[in-house]
Structure formats: structure tokens, C-alpha cells
Visitor: 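Next up is a structure, given as C-alpha cells.
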Protein chains: 2
Amino acid sequence: MTVHLDGMASARIADDHHNHATESTHGVSEAHHSNKTGKDTRHRNRVKEEITNAGHESKFHVTPVSEEEHELNNRVPSRPTPELKFDEDEGDTLSNHNSITALLSSKFRDIQKRLKQYGIESPRFRKRLVSRWESLNYDVCENVLYLKDQEKYKSKKWVTLRWLSKWLVMFFIGIGTALLAAAIHFVVEKLAHFKFDLIKHYFDDCAKNNCLYQPALMWMGINLVITVAGAALVTFLQPMAAGSGIPYIKSYLNGVKIPGLLTFRAFVAKTVGVVLSILGGLACGKEGPMAHSGSIIAAGLGRGRINFCNGKTVSFYSAFRNDHEIRDFVAGGAASGVSSAFGAPIGGTLFSLEEAASFWNQDLTWRVFFSSMVACFATNFLISAINGDPTKLTDPGLIRFNAFKFDLKFDLIEIPVFIFMAVIGGLMGALFVVMNYKLTVFRKRYLNKNWIKIIEAGLVAVVSAAVAFGLMVGINECTDKAPFDSHAVTASVYCTDKKYNGLSTLFLTTPEGCLKALLHDPFESHGAVSLVAFVLIFFVLGVWTYGLSVSSGVFIPSLAIGAAWGRLVGMGVAHLMPENPNLQLDVGKFALIGAACQLGGILRTTISLTVIIVECTDDISFGLPIMIVLMISKWVGDFITTGLYDMNVEVMGIPTLPFECPPLCDDLRASDVMSAPLATFKTKERVENIYRMLKEETFCGFPVIEDDPMAPGKGKLKGLILRSQLLVLLQKKIFCPEGQVPPRNITIKDFRDFYPVYLKVSEIELSDEEKSYVMDLKPYYNPSPYTVEQKFSLPRVFNLFRGLGLRHLIVTDEKNVPVGIVTRKDLAKFRVGSKRGLVKIEQLKIQDI
Amino acid sequence: MTVHLDGMASARIADDHHNHATESTHGVSEAHHSNKTGKDTRHRNRVKEEITNAGHESKFHVTPVSEEEHELNNRVPSRPTPELKFDEDEGDTLSNHNSITALLSSKFRDIQKRLKQYGIESPRFRKRLVSRWESLNYDVCENVLYLKDQEKYKSKKWVTLRWLSKWLVMFFIGIGTALLAAAIHFVVEKLAHFKFDLIKHYFDDCAKNNCLYQPALMWMGINLVITVAGAALVTFLQPMAAGSGIPYIKSYLNGVKIPGLLTFRAFVAKTVGVVLSILGGLACGKEGPMAHSGSIIAAGLGRGRINFCNGKTVSFYSAFRNDHEIRDFVAGGAASGVSSAFGAPIGGTLFSLEEAASFWNQDLTWRVFFSSMVACFATNFLISAINGDPTKLTDPGLIRFNAFKFDLKFDLIEIPVFIFMAVIGGLMGALFVVMNYKLTVFRKRYLNKNWIKIIEAGLVAVVSAAVAFGLMVGINECTDKAPFDSHAVTASVYCTDKKYNGLSTLFLTTPEGCLKALLHDPFESHGAVSLVAFVLIFFVLGVWTYGLSVSSGVFIPSLAIGAAWGRLVGMGVAHLMPENPNLQLDVGKFALIGAACQLGGILRTTISLTVIIVECTDDISFGLPIMIVLMISKWVGDFITTGLYDMNVEVMGIPTLPFECPPLCDDLRASDVMSAPLATFKTKERVENIYRMLKEETFCGFPVIEDDPMAPGKGKLKGLILRSQLLVLLQKKIFCPEGQVPPRNITIKDFRDFYPVYLKVSEIELSDEEKSYVMDLKPYYNPSPYTVEQKFSLPRVFNLFRGLGLRHLIVTDEKNVPVGIVTRKDLAKFRVGSKRGLVKIEQLKIQDI
């Protein structure tokens, strides 16, 4: 199959090269760039191919340009959209499954299509990249300043200090994360116990005195007030703190700059917010947010500076203030967070390294591992201390699945049951994602005002309480089995003495407590009707809660849903084989497998998540069935839709790069994907030109070329300079009249001082005289940027970009003259999907919003 | 500190670019390369700098060129070796430790120096790279043939088939490895039990009848015969099968081509050899070789071809016959091997990916994980079946540390004891490595004849038996505690009824059985004197055995040594605190920690080894102390010398690339490290030139340049062609008289058929007429090789090379004219060592041998 994509060759697309995040206030469109190279500048966002050809979806179609986009582009002459040619033959249909699967998938497609009816615009949120997301600068700019700065680190003292301080920072990241985890644990456990104890007493009293409206109202009232406070905190302080933060952290580690993600405001909103969310009775956990909190601690310690909410700043050291170092520390922070949350130091390390895979190296791995080990150990120590004896060391994380009373052994004959459960988990997980996606789109479109967000959060809290109350009163299954957690709050409601309402141990506790109860409570603690109701309710509440403007994690509700239906399966198996009394003991095992299946179906576990769950289970011989069900639930889920986090990333339009170049792209060349024409500077450039270019254009990086009088603007490539560098140079006035010796009173520290909040061009004032001066860029640009030739294939460009973690890749012609630039979005826009068993490649739009 | 390395700029050094492995028979020296670029061709192997400056070792010194090397280079005018300048200031001493450490290290240095006295040439084996080791071609050659071949894979059928077959091959790799593991386990256990039972009976009888010379002679005789057979097998069939194979596998995954490593001969020698080694009573295990065996299975299944020892070949499919695919499969095979051996699927996966880190991607990770999971599960099933009930699933690997009778909990106060043990482990591990290194050097120099190697192996086997016999008779500590393994062979020797000789459960068993006994036997099974003697003897035997020309692993002896002295420590602690009876139960815990410490000290665990041990222990809450001791023992050991595997790699001169560029190399440019002058071809080249070049030069890759009549030999770069490709083209006679249309009757399959055993130029016969023909290289060369400019710094070149897994990196000038080539050895020759607490950078020599 040959796909002619020549129409794209010069399509100008807003991308990382542009700096909309900081510059969008100027309302500058990048579409009217002067036609320096003489190529046609065509409409953006216009070309969209779907290489699917599966029956009714088999054609390349060109998305019509909307009115709004015409508006943006009306300064260039409108040209007819080029028709894309393609050969339609058997090669076009790409399925990596067999024909039965294809049949099934076509059935499912019809159902999904009908589901989609309510909003034809919904792909708008998934089939695009948002231009404001930029790349991190992982590549080191080896200019003269840097080399001079490096000189001093070559002394014994500095090598020692630098080496030591990296380890020390990692140590404190681990300690800090553990302190936070223990503090959150302490506060939540104490206050939640107090709250549920209060409700329980009213409950038990009122069941006898017929005043059940009292606990109901009280419960709903408490939830409402606390949740509204949490939602307001997140919404107004830092909206980035909403949700678990894991999609953002994954994107950050993948190399995307997420403004506001690693700030003190986000930290406050995240940590206080998650306490309020759980106390507010939402179906969410405190584990997911730990990865985000740990990352913020890491970034703060790495930068050696805290910007408080009131604008004050405390600065300690600046040596690590660049994207490269901070990202390494954040990898440690995220690992520590996961490690604290789940007591999974290996899993946490893998979690960090999996996304930052381009940059795996043994030294960093050890440091990350060290910090995550410290975090695990310190959490263990602190929580053991809270529980009474710090030397017991029995709680390495906030949540653990261990403490099974029996040996976690499995028989080979149980494997089919587990596989069946994995399929269920995959299907239910996909349903969760699809429902949550619809809800997210709905929220994006209609619930985008701050006060509506807060009201929605309050509503969910009230409904959560009301439904729990209704179930407890309505389904009056009583039990006399002692719950696993001796401190559990048990309400009798209508039950007789010595018995209690089975659902009360699930609802009158935090979601973690609920999960523990489902895993470890004795066989007869929970009736089948209760469990069915619980699954349905918690599933809906989980879908509804995830995506609210509150700080919340999705791990625990997913696990709880899975544990509940896993328990049901276990009860069913025990019922089918009454001759085997062991099966009654094993109900916790089925609950555990169910939890793993459900989580795998929702999140689509990667290898790191598998390790996290295995570590959490604390029993490696039981790891094998867990791995099997996780893989199967992932496959089943992937067959229908992407995972929850990936869906989040897609909806936000973050240009994360996959691990490998999409298939079928061998025919594409660097010249097809690059952005052209280019904005370039000469090595000695007039200040006026620089100032105007920065003002008018939104590029983040500019190739610097030789001043060739024979071919102006077509000189050989000399280097690459970043917008952020130019802004600092302008601000520090490093220029002089032509012919004079240029000033050199600037060091690398001056550049670091502006990290990571860069200057804006609007903040710089230049007199007319200054504008006539000349700036010598030679000491500042990166003299050896990575380049490729135009004829390089997309897979090779991709490997280079991904393997080195680049931000800009300059495309040159044979004579080493730059002709274009490739950025993250140029590569991320080719997305491969294996949805419904079909390999599909789409070229995403890039939008400004 | 400024290091002027300008003397190196044009030093011609034999490297990967050269093909000594296949071409050395021609006796062609690469040193007389025609001076095309007009640069001086200087002596190789002459420049050696040590950037250490620590007291007496502070000077750069230039290694004198030996007579032999003069001989090689006498065709070019000899020039005086350039004196290297350097500024001696405080910056030269580079220590990443504090001053106390430095003091200690200087003391140690003196001791080590004296130890070194016996052979001043010993650095010869560590301070060099051997030129015959080449790189794998991980980079895809995107020539016309490849693109044409790819076309067909774009159809639905092929995408499905290709995807499915990769998973299927991985599945069978797992199954195959498990079958092998189970078979070896079965054979070894049965035969070893038979052997030791026999000896025991003679022992017990003769102790009464005073004929102890009988069991002694018998024991020694059995050992001698079996070991000599094993050594002969390895030595004559495939010497690559000696040792554990893990250093080779690690190097292979790092990207080095190891001829003979993945052949059927190696498989036979490895698997049969390891059985014979263990039955021969050597102090070695069968776990290490599993990684190698698994890799061979993977390579065989990936290639779809078996070359039997008798020269016969069976071929099934050829689609995966390139270094890229085979390496992915081998990653799965190595992971499966480790997973089978230790029941550690996660650790096995990490083991593979750690070395192949440049190429981590999620898809491959999943496949590797899958195969290692299958291997673990199948091994579990098969061994359980051997043990009686296949559904029990209690033995996921060949060796496990679990099955502790008590809960593996640790108190915080035990941590200091563990740390103390870790320091001991690190020191003893370093001693092991140093002793083994001395022995290796001795062997390389004096024991390099095949028959001597076999005699040495036989000698070790006899001594092993004799010493064991002597100890059992000499130290007559009796015990009546039932051993952990109910099937253990217990000899009474001089003990009374119902008692048995404590050492007999350690010596009358396989090393695995010995390890199990040390970990799990009751407190009073082994006396202190026995244990001390055991540690000493086993340590010496372990050092002596590792490096023999037999198939053997070092895991188990390391662990057994550690477990023995760990048990001693445990007994000491219990003795010091007699009021705590729990400590007697905990002796196994101390044995486990000791085992981990010793292994960490010898092998210097990476993150993967840590995970392997944690998985093997089957208890994650005890993983934390294990991680701590592993890290500390690594640090202590690294302070003295490198790990055992790294030492092996160094001695063999394999150019593995580290994870990061060595520090302090910012000043070096691509033009400093590259090999120049270059041998290039024009796009249309005369057959005669090609044939002569291949015959006279040993380069593996040749840049193809534009035929620029204005500047002959200085045309712009068009691509890169490999020696192996040219040989196939010559063999297939893809050339024609000038002016005619060149023949195109060659497909990518023709190239694959010669994989991985490439043609030799001596096998190709060309007539004089044919030599006057012209070959059109355009369809065959790689049209977009990665290039860098001359001014690129070494760290950037390194990152590019490592990040993309390159074999050749072409260095061009500003006009895109190739001026040199960088290969693996050009980068690997800069080795950073932190030996004895000092950061040190050496430029290694590259030798032919």
C-alpha cells in the first residue's frame, strides 16, 4: 500500500517550535509566517488520514476546515485542499487479530457507533494535539558558557560535591515523600474514623427511634461541606492538582513540559485536597496522588527554591536548575511516591523509568531505586510508629494486599476461572473508560465554569452518601462474623444484637478500609445481594468521581470494585463445589484476583503496574496468576479502548511520544513531517530583527546560520538558539553597536535564574538606539545541534528524537543548510491505535485552544 | 583541568571498523592504509593516558611501543610519539569519596601494589580492547531492497503473521527453556543423589572397617572422570561455553557480536557440560548457564535454522534473520533462562532489558516478560511434576530461598548487624574477584593449551573431593538434628548411631543442596568449626573453579559461601544474646543475608540482580534489608575492584559501552576520537577497487560518496555500505560492464541467507574481465546513515551512539564530506573507573590478538 502524503510536506502546523503557552496573549498566529523558502504555506489541521479501510471506515477522508480555522488563516491565500491519493488493495486492511475477532469487533463497532450518536464532536478531544504543550530541554546546550561552567566541576571538590548532593537530594526526596504519606495516612485515618463513628452512632440510635433522616442528612451534610472545600481549593489554587496527576507525571517524564504541575500551589492543593476528598466520602483513594506529590517534592528539592503562593521565593542553590537534572529528580520523586503508596520500591522505580526510558542509565536507576527504597522504609517506620511500635515495620506502604490468613497458593485448575475473571475485568474496565470518557467530554463542553465544577463535586459527595445510606437501609443483610479490621466501624441498623449490617463495614470506612474488608473479611461477612449492589453503585460512583475537580486517585476504587465482584465469583465457586471447604477460605484470593483484573482493565497495566501489584501482594509465587490476569485484562480492554490514563492524555492533547515509531510510516521522510519555512538568525544578528522575530513568531528554537552574502538566509547551519536564551540576552542587554567588542558580562547562572519561569517578550523594553545594535550569538547558541537530512525516513527521525529525548531536530539539505525543524508534535501527531483489533494510523490535528 | 589530547586526533587505532575476526588470516595490517586524506598515520596502541594524578600515579605516561608492534607498523615512517601536555593542578585528583576514604584507599593501594608484583604485565589484560569484537547491526539498513521487502509486510496477512509469530516464538522460547531447566534438574538431582549415596555407604562402612581410602579414592576417581569429560567437551566443541556465559550474554545484549556464542555446538557444550561439572563435584551451579542456554534457544528459534555439529543445516523460516530481531529474541531467551533458574520473571526481564537499555520499548518489554513468565510457569509445572504432583506449583525455579519455617520479619535493631555483614560481604567479594583475576591472568599466560586446561579441571575435581573428604574425617562434628531436606544424604563417618556428620549434608550433595542446607537446616546442625572450614575451603575452590574450561555458574557457590558465614554470624549473635531464643530460629535469616552480601560483593548487583534475589526469597517485606545489604556490599566492593562479570569482560577486551559517557570528556571532539583516514567508495565503483579494498582493508563499513570530479575522493556523503553486503554482491556477481544496465537479480533474502555467518573475501573468485566491470551500489547502501559533524563533543557522540545502538557513525565536515568514522571501540576505549574511590579515566589500547 502506498500512501501519498505529499500534501503534508509543507503543511505548517503549530507545534513545539511555537510557544503558545507563554505567547498566546499576543494573539499572534504562526500561520502568516513570511514565505522565506518560497514553499506554499497551507492550511493547518486540514489533513487527516485514517489508514484503516475496514469496511465502512475504509477511506481517507479530509476533515473540512471549520469557520474558526478559516478565520485564523485568512491572511494567506486559501488553496484547495489537496486530494489525497491512495491505492485501495488488500493491503489496506490491517488487523492483528484473526477473523473471528474481526467479526466480533465489527459487531461491537456498531454498538459503539450508536453510543457515539449523542455527540459527533467527541473525537474532537481525542483526535488532536494541543499546541501549548512544549517539550522539556533534555539535551544539554554545550555553548561556551556551559563549557566554562563545567570547567569548575572538574575539580575534585566539585565532582565530590555534585555526586554527593545528587544522592543527598534523592535521600531527602524519599524522606519527604514518606513524611507526607505518613501525615496524610494519620490525618485521614483519625478523622475518617471519627466521622464514621459519629454517623454509626446516629444510625444505630435512629434505627430504633425511627429518625433515620438524621444520620442521612448529617452524612450528606458532612460530605457536602468537606468536598466543596476540597473542590474549591483545587479549582482556585491550581487546577492541575485535580485527579490523580499520574497522566501528567507520565507525560512529564515522557518529556513534555506541563506548566504549573510542579509548583508549591499544586502541592498544597494536591495534599490538602486529597485529605478533603476522602473525608468528603468520595469514591477515591490517596495512593495515586502520592506520585504527583512526590514529584513536586522532588522538583522543589532539585531546584532548591520554593515559590510560595503569596509570591515570595526562598532560594537555596541553583546548580540543578535545568530540565535535565530536574527531570532526573522527578523520576526519583514519582518512584518514591509510588513506593510510599504501595510499599513497592521496585515497582515505583520501574514506574519512573518506564516513561523516561530514553534516559535509562544505571547511575540514575540506582539513585531512583535508592530514593524509592528510602521512601518505602521511612513510610514503614513512620506508619508502624503511628500504629504503636516503630520497630515492627509491617506497613511499607499506605495500602497492602497482604495479611492473608492463609497461604496464597493456587491450583492449576483455578487458572481457567482466573482467565474468565480477567476477561470480565477487561470488559468492565473498558466500560469504565468509555463511560468516563463520555463524561469527560460532557464536562469539557458544558461544565467548564469553576462554580459548576464545585457544585458537581458537592453533588457527587451528597449522592455518594445518599446511595450508601439507601443501600444500608434497603439491603438489610446481617452478619455476625467479626470483621478483619478490629477497629472497623460496624453499624447494626436493623440487625439484632451481636450482628451488624454487612454493608456498613464497606461504606462506613475509607475506600482503603473498604478494600481491605473485601479482601480479608471472612466468607460470610458480605451477602451476595450486598455485593452486587455495591459493585453497581461503586462502579457508577467511581466513573463519576474520576475527573471531578478534586484531588483523587482511581487505584483504590478500581480495586474495590474488582475485589467485590471477585468475592462474588469466589462465593459462586464455593457454592458450586460445596464439598471443598477450602474454597470458602479462598474467597479472599478470588477477591484479590478480581481486584487485579479490574485495575488491569481500567489502567491497562504496564510492566511497572504489574510489579506494583505483585509487590503489594507480598507473595511472588502468587505473582504468576496476577501477571496472567493483568495481561489478559489488558488485551481484552485494549481491544475496545485505550486505558484510563492514556484516554486522559489524549483528551488533553498532550503530545507524548510512544516507544516506537508507528508502523507503515517508512515512506514518510523528514521533509514530509518537518515544519517549514524556518525562522533563522545569523551568527551576528541585529537586535531589532531578534526582537521583532520573538514578538511576531512563536517558535521556541531558532537555527543560527552562517552569514553567506552569496545566498542570504541560506547559509550553513551553525547552531541552535532557544527563545528563552534570546530573551535573557535581550533582558541583560548583551549587545553593542556594530564593530565594537560585544559585552560578555553574563554567566550561565543568569540563565538559570530564569528557570523554569521564563521571561516574556512583552516584559522587555528596548530603545530605538538599542534596536539598531548587533548581538553576537556565537557564545550562546548550541554549536552542535542534532540534525538529519531531508531524506531520512520517519522511523529513523523518530528513533533519534526518542532515543535522545530531543526538543528540536533540525532538518538540513545536502549542503548542510537548514530547511526545516522537527519537533515533538510533528512526531506525536502520528498515532497508532489498535482499537477493536485493527491497526490504525491517524494523523492528529494540532489545535491552539 | 585541561587535558590536551590533541595527540590522539589522528591516532589510527584498530577498531570495529576493521574486521580482524574474519580477515586476520590475510595478515593484513590496517596500519598501512594509504594516506588518502593526507593526515599522518601514527602508531597505534601507543597513547595511553591515566587522568588520575593521585600521588605516585599522577602522570600521564606513554606506553612504549613493543617490538612486535614496530614490526607491524614498519611500513609507515615512524614518527616520534607526541608528548602529551597537561596542567597539573588540584583539579587532577578526582575522588568521589571523602578524605578518610582516600586515606584508607591509599593504604589499600600499597597492599595491592605489592600483590601485583608477581606480574607487571597484568594490566595488559584489563587495559585494552580486543579488535576482533565487532558491533551488532542494530540499525536498519533502509535501502531499496529493504523498502521493497517491507511493502509486502504492509498487507493485513503479513502484519498479523509477523505480530503473531513474534509472540509465538517468545512462547516457545519460554517453553524450551523450561524444558531444558527441568531436564537438567532431573538428571542432575537423580545422578548426584545416586553418586553421593554410593559414596556415603562406602564412607559409613569404611569408617568402621578402617578402609577410608576406598571412598576417598572412589570419590576422587568419579570426580576426575566426569569432570575431565565435561572439560574436554567444552574445550574441544566450543570454548565459548566455558563459565557461566553471563558476561558474554551481557556483552551481546550491549551490542557486541560474539562469534560462536549462539550456536548449536555451544548449546550442547553448555548444557551437557554443566551436568558433568556438577556431577564432577565442582563448586559451581547450574543457574548461571541457564541464561546462556536460554539465549541459544532463542537465537535458534529466531533464526529458524539449526546448524548441527556435523555441518548439516535445517532451515525453517528466514524473516527474522537480522541482528535487530535476533537480539530482541535473545533478550527474551536470557530473561527466560534467568526466570527458569531462579523463578524470577520480573528479575529476568530486568536482567535482559538492563543491558539492552538503549532499545527498551513497551512492546518488546511485554514480549520478554511474557516469555519469562511462560518459562517460570512451565518450569514450575515440570519440576512439580517431577516431584510428584504437577498441580502443586511450588517450584517456580531451579533454586529458591523460600520455604523458611518462620516469618521472615526483621527488627530495626538488626539492621546494624546486616550492614556489618554487607561490609564483610563486599570485602570478601572483592577478594574473590582479585584472586580470580590473578588466576585468570595466570591461566591466560601459562595454561593456554587445551590439554592443560583439561588437566587443570581434573585437578580441581580431585582436590575438591580430597578436601571434602579430609574435612569430613578431620572435623568430626556430629549432630542429631534432622536435616531440612528429608532426602539429604547423611554420612555418619565416626558418629554414633542416630547422629551424623554435620559436614556430610554440605559436601555429599550438589552445591544447591548445600545452599539449601545452610539456609534451612536447624540451628545446631552445623558446628562453628565445620562452618569456618567450609567457608575457607569453598571460597578457595570457588575462586579456582570459576574460569576453568568447564560449563559452570558462580551464583550458587557465592551464595553458599555467604550463607555459611552468615550462619556463623547468626550463631554468634545467638551466642551473645542467649536470653532471646528466637535468634536461634533466625539463623536461617542471617544465612540468607550473608548469601546476599557475598553475592553482591562478587557480582556487584545491579537492579536486576536485586530483584532476582528478592523474588527468589519470595517475601517482599524482607526485600528491604536485602536491598540495603546488596547496595552496601556493592559500594564496598566497587571501592576495591570491579565485579566478577565486569572483570571477565575487561580481561576479554570486549568493548561494551557504559550507560553514560565518561565524565571530563567534554573537551574531546568527534574528530579526536574518529578513525581516519577513511576508505570510501563512489556510488558506481569498479569491481576491482571493491575487491582490492575488501582484500587489503579490514573495515566493516564503507561510506559511499558522490563522484565529484572536482575533488576526487572528497564527494558528499551518499550512504554507508557494509562489508557483508559487498561480499554478497560480489558473490552474486551483481555488476556489469560500464554503461550497461546493472543486473538486479538479488533480493533481501539473498543477504539473509548469509546471516550470521558472513562470506570471506578469500572465498570469492573473480576473473580479470569481471574485475574491470562496474558495480552500482545505489540500491544497496544505507541511504541515510547517522552522521555528526567533526566538532560534536564526545558526550553527544556517545549519547547518539548508545541511544540508537549504532555500529558506525560517520563524521563529516561542514560540507557533508565524510572525514572519519566512529565505532564502538572508539567510544569504549574511554573507560571510567572509580577504583579505590578515585574517578579515573583511561584510554585503553586496542589490540589485535
Visitor: Any side-chain heavy-atom pair from B:I346 and A:M627 closer than 4.5 angstrom?
Guide: yes

Visitor: Please classify the contact between A:F792 and chain B as side chain, backbone, both or neither, with a heavy-atom cut-off of under 4.5 Å.
Guide: both

Visitor: At what distance, to the nearest 0.5 angstrom, does CH2 of A:W635 lie from CH2 of B:W366?
Guide: 8.5 Å

Visitor: Does any backbone or side-chain atom of A:N782 lie under 4.5 Å from a heavy atom of chain B? Answer side chain, backbone, both or neither.
Guide: side chain

Visitor: Would you say that A:E814 contacts B:K815 through its side chain, given a criterion of any heavy-atom pair below 4.5 Å between the two side chains?
Guide: no

Visitor: Checking A:T812 against chain B: side chain, backbone, both or neither under 4.5 Å from a heavy atom?
Guide: neither

Visitor: Do you know which of A:L800, A:T610, A:T349, A:I628 has the most heavy-atom pairs under 4.5 Å to chain B?
Guide: A:L800

Visitor: Could you give me the CA-CA distance, side-chain angles and deciding distance for B:V788 and A:T787, then say whether side-chain contact (heavy atoms from CB on, under 4.5 Å) is met?
Guide: CA-CA 8 Å; B:V788 290; A:T787 60; over 6 Å; no

Visitor: From A:N799 CG over to B:Y786 OH, what is the distance, rounded to the nearest 0.5 angstrom?
Guide: 5.0 Å

Visitor: Output the distance between atom OG (B:S784) and atom NZ (A:K791), rounded to the nearest 0.5 Å.
Guide: 6.5 Å

Visitor: Please determine, among A:E142, A:E706, A:K716, A:K634, the option with the most heavy-atom pairs under 4.5 Å with chain B.
Guide: A:E142

Visitor: Measure distances from A:E789 to the heavy atoms of chain B and classify the residue's part below 4.5 Å as side chain, backbone, both or neither.
Guide: side chain

Visitor: Is there a side-chain contact between A:V611 and B:V611 in this structure, where contact means two heavy atoms from C-beta onward sitting under 4.5 Å apart?
Guide: no

